[in-house]
Amino acid sequence: MGNAAVWSVGMMCVYGALVLMVGMALNWLARYIAAYMNRTEKPKDRIVLKIVLAGIAGAVIGGFAQPQWDRGANCRESGGDAIRCLVKPM
């Protein structure tokens, strides 16, 4: 076995955090708008706490994706297809 990292910090951590945070906010907004339109009770969940927790979870998940992204960096720099570089064997 080589020196393969399982988790690392990088841009994928940031992207993962942003994707989950925006997704959580959009989900809450859609539920709020649906409740307004149907004249039902608005969502009462603690959205700020959920967005923070989603950001932490997204950063952790992105940390697991970062090593695979780093392994494909040389392939992408040499003009390879982004999808093939991402799923190439280790």
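Under the side chain to side chain donor-acceptor pair (under 3.5 Å) criterion, no residue pair touches residues 51-61, with sequence neighbours excluded. Pairs engaging residues 6-23 under the salt bridge (charged side-chain N to carboxylate O under 4.0 Å, His left out) rule: none recorded [sequence neighbours left out]. The side chain to side chain donor-acceptor pair (under 3.5 Å) pairs that include a residue from residues 54-66 are Gln66-Asp70, where partners are two or more places apart or lie in different chains. Residue pairs satisfying the salt bridge (charged side-chain N to carboxylate O under 4.0 Å, His left out) criterion with at least one member in residues 6-23, sequence neighbours excluded, are absent. The salt bridge (charged side-chain N to carboxylate O under 4.0 Å, His left out) pairs that include a residue from residues 7-17 number zero, where partners must be two or more places apart or lie in different chains. Every pair tested for salt bridge (charged side-chain N to carboxylate O under 4.0 Å, His left out) that includes a residue from residues 52-63 fails, sequence neighbours excluded, so the list is empty. Among pairs with a residue in residues 33-55, none fulfils ring pair (Phe, Tyr, Trp, His ring centres under 6.0 Å), at least two apart in sequence or across chains.
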Ignoring hydrogens and angles, write down the donor-acceptor pairs under 3.5 Å from the side chains of residues 44-52, residues two or more places apart or on other chains.
from, atom 1, to, atom 2, distance (Å)
Lys44, NZ, Glu41, OE2, 3.1
Asp45, OD2, Arg31, NH2, 2.6
Asp45, OD2, Lys50, NZ, 3.2

Only distances under 3.5 Å count here; give the side-chain donor-acceptor pairs of residues 10-27 to other protein atoms, sequence neighbours excluded, each with its distance to 0.1 Å.
none

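Residues passing the side chain to side chain contact (heavy atoms under 4.5 Å, CB included) test with Ser78, sequence neighbours excluded: none. Residues satisfying the side chain to side chain contact (heavy atoms under 4.5 Å, CB included) criterion with Ala30, sequence neighbours excluded, are absent altogether.
Closest non-hydrogen pair, Pro67 versus Trp7, comes out as CG-N, 3.9 Å.
Both Val9 and Phe64 belong to a single network of hydrophobic side chains, linked directly or stepwise wherever heavy atoms of I, L, V, M, F, W or Y lie under 4.5 Å apart.
Rounding to the nearest 0.5 Å gives a distance of 13.5 Å between OH of Tyr32 and CE of Met37.
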